[in-house]
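To start, the structure itself, in structure tokens.
Numbers here simply count residues along the sequence, with the first being 1. It should be emphasised that the depicted structure is a prediction, and the values quoted were computed from it without experimental measurement.
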Amino acid sequence: MTALIVFSGHLKGACKDTRLLEHFSKQCDHVFGTCEKVLVTYTAPFGVSMNGKRRTPTHQLSYAECLRRISERVHFDEIQTVEETASPLRALRYHQMVSSILLGLRSARSQHTVALRMRPDSGLGGINGILSNATWRTLLHVPADTVVQYGKYQGRDGHRVNGDNVFAARSGTFERFVRLWGQEVVDLLSSGAYAHAELTMDAVARRHNLTL
């Protein structure tokens, strides 16, 4: 079996601490016969949060310095950089996030059995990531028409929410889900019905008879 990891999102703390990126890369290589790795990121390492607030930098490294440090330790088969949208609308910023995952998927050089999305800072600062070998091996048995989310976080409203930071599926299901999510997420978030943008994943899965 072969795998594709799409690392997508702001580089953030991964600029200074690459240990988990290295760990995820090695785990994927170990579990799968081939593991292709694609990075899609923004020219600003930190950017803006979903509530529109500028994130507080934890380092002063430039995008170029960040990328150099990370690329020295993790081999990416493809790197794509996009300009972050300046829109104040949460729906449009989140749509760009989903679109970057699809861009990474379409940047892959070959076909894969399983595809994953991981934020570059997964596992850092409380961001859930796939840490154990046992959990990585569950990727070998993901059922058809199923998207698996790894990890929850505590929202400010006290609710525990499945995050978008790590999720996986068989490649055909992954591509279909992300494509449909991208088509529908702006309308879903513009409706005002979702306190957490990640909950749009559930809405899309239900609408299209996918298990999440």
Side-chain angles (χ1 to χ4, degrees), residues 3-32 35-42 44-50 55-59 61 63 66-67 69-82 84 93-94 96-105 107-108 112 114-139 142 147-155 160-169 174 177-178 181 196-199 201 212:
L4 166 70
I5 304 180
V6 177
F7 290 105
S8 67
H10 295 92
L11 297 175
K12 296 184 186 175
C15 296
K16 293 188 68 175
D17 187 351
T18 65
R19 288 174 295 176
L20 285 171
L21 271 178
E22 294 176 67
H23 173 73
F24 299 143
S25 176
K26 290 174 182 176
Q27 285 283 15
C28 193
D29 289 336
H30 178 71
V31 170
F32 292 92
C35 184
E36 186 173 353
K37 304 165 192 78
V38 172
L39 173 66
V40 182
T41 190
Y42 303 104
F46 289 91
V48 178
S49 66
M50 282 299 140
R55 294 189 177 94
T56 302
T58 58
H59 59 74
L61 297 171
Y63 159 76
C66 284
L67 200 56
R69 284 183 173 220
I70 291 172
S71 298
E72 285 175 352
R73 293 165 174 82
V74 177
H75 170 73
F76 295 106
D77 297 278
E78 182 72 24
I79 296 175
Q80 298 276 352
T81 303
V82 296
E84 188 173 13
R93 292 198 301 276
Y94 203 75
Q96 183 177 47
M97 184 279 288
V98 179
S99 297
S100 72
I101 301 171
L102 192 59
L103 174 61
L105 183 65
S107 300
H112 302 87
V114 173
L116 305 84
R117 186 265 171 143
M118 303 188 78
R119 280 172 44 168
D121 64 338
S122 290
L124 296 173
I127 302 298
N128 287 296
I130 309 178
L131 296 176
S132 72
N133 180 260
T135 305
W136 272 93
R137 293 192 65 81
T138 65
L139 294 167
V142 176
V147 180
V148 182
Q149 292 168 287
Y150 292 87
K152 296 184 177 183
Y153 74 95
Q154 184 87 26
R160 291 188 63 77
V161 181
N162 276 319
D164 58 24
N165 49 290
V166 184
F167 63 92
F174 189 97
F177 173 74
V178 176
W181 191 20
H196 302 282
E198 294 87 346
L199 295 177
M201 297 179 73
L212 185 65

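To the nearest 0.5 Å, atoms CG (Leu131) and CG (Leu20) are separated by 6.5 Å. Atom SG of residue Cys28 and atom CD1 of residue Ile5 lie 4.0 Å apart, to the nearest 0.5 angstrom. Considering CG of Leu124 and CZ of Arg119, their distance stands at 9.5 Å, rounded to 0.5 Å. Rounded to the nearest 0.5 angstrom, Leu61 CG and Cys66 SG are separated by 5.0 Å. How far CD of Gln80 is from OG of Ser100: 10.5 Å, rounded to the nearest 0.5 Å. Taking CZ of Phe76 as the reference point, atom CD of Glu36 lies at 12.0 Å (rounded to 0.5 Å).
Without hydrogens or angle criteria, Arg73 side chain to Glu22 main chain gives no donor-acceptor distance under 3.5 Å. Counting only distance, with no hydrogens or angles, the side chain of Ser25 and the backbone of Leu21 share no donor-acceptor pair below 3.5 Å. A donor-acceptor pair is defined here as one N or O able to donate and one able to accept, closer than 3.5 Å; such a pair exists between the side chain of Ser132 and the backbone of Thr135. The closest donor-acceptor contact from the side chain of His10 to the backbone of Tyr42 lies at 3.5 Å or more, if one exists at all. For Gln149 (side chain) and Gly163 (main-chain N/O), a donor-acceptor pair under 3.5 Å exists by modelled atom type. Proximity of a side-chain donor or acceptor of Asp77 to a complementary backbone N or O of Val38 within less than 3.5 Å is not detected. Distance alone, capped at 3.5 Å, places no donor-acceptor pair between the Thr41 side chain and the Thr81 backbone. No donor-acceptor pair under 3.5 Å is formed between the side chain of Asn165 and the backbone N or O of Ser122. The closest donor-acceptor contact from the side chain of Trp136 to the backbone of Ile130 lies under 3.5 Å.
For the pair His75/Lys37, no side-chain contact is recorded, criterion being any heavy-atom separation below 4.5 Å from C-beta on. Inter-residue side-chain proximity for Lys12 and Ile127 is flagged as unmet; no heavy-atom pair is nearer than 4.5 Å. Ile70 is not listed as a side-chain neighbour of Phe7, based on a closest heavy-atom distance of 4.5 Å or more. Using a 4.5 Å heavy-atom cutoff, the side chains of Thr138 and Tyr150 are in contact. Two residues are said to be in side-chain contact when any heavy atoms from C-beta on lie closer than 4.5 Å; Leu199 and Val161 meet this criterion. Looking only at side-chain heavy atoms (C-beta outward), Leu67 and Leu39 come within less than 4.5 Å of each other. By the 4.5 Å heavy-atom criterion applied to side chains, Met201 and Asn162 are not counted as neighbours.
Ala3 and Leu116 make their closest contact through CB-CD1, 4.5 Å (heavy atoms, listed as atom of the first residue, atom of the second, distance). Considering all non-hydrogen atoms of both residues, Ala168 and Leu139 come closest at CB-CD2, 3.5 Å. The minimum heavy-atom distance between Leu105 and Ala115, with the atom names listed, is CD1-CB, 4.3 Å. Considering all non-hydrogen atoms of both residues, Val82 and Leu103 come closest at CG1-CD2, 3.9 Å. Heavy atoms only, all atoms of each residue included: Arg137 and Val31 are closest at CG-CG2, 4.1 Å. The two atoms that bring Asn128 and Val166 nearest to each other are O-CG2, 3.5 Å, heavy atoms only.
Checked by atom type, the side-chain pair Ser8/Arg117 shows a donor-acceptor distance below 3.5 Å.
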Quick one: do Phe167 and Phe174 satisfy ring pair (Phe, Tyr, Trp, His ring centres under 6.0 Å)? Show the steps, please. CA-CA 9 Å; Phe167 63 92; Phe174 189 97; 5.4 Å; yes
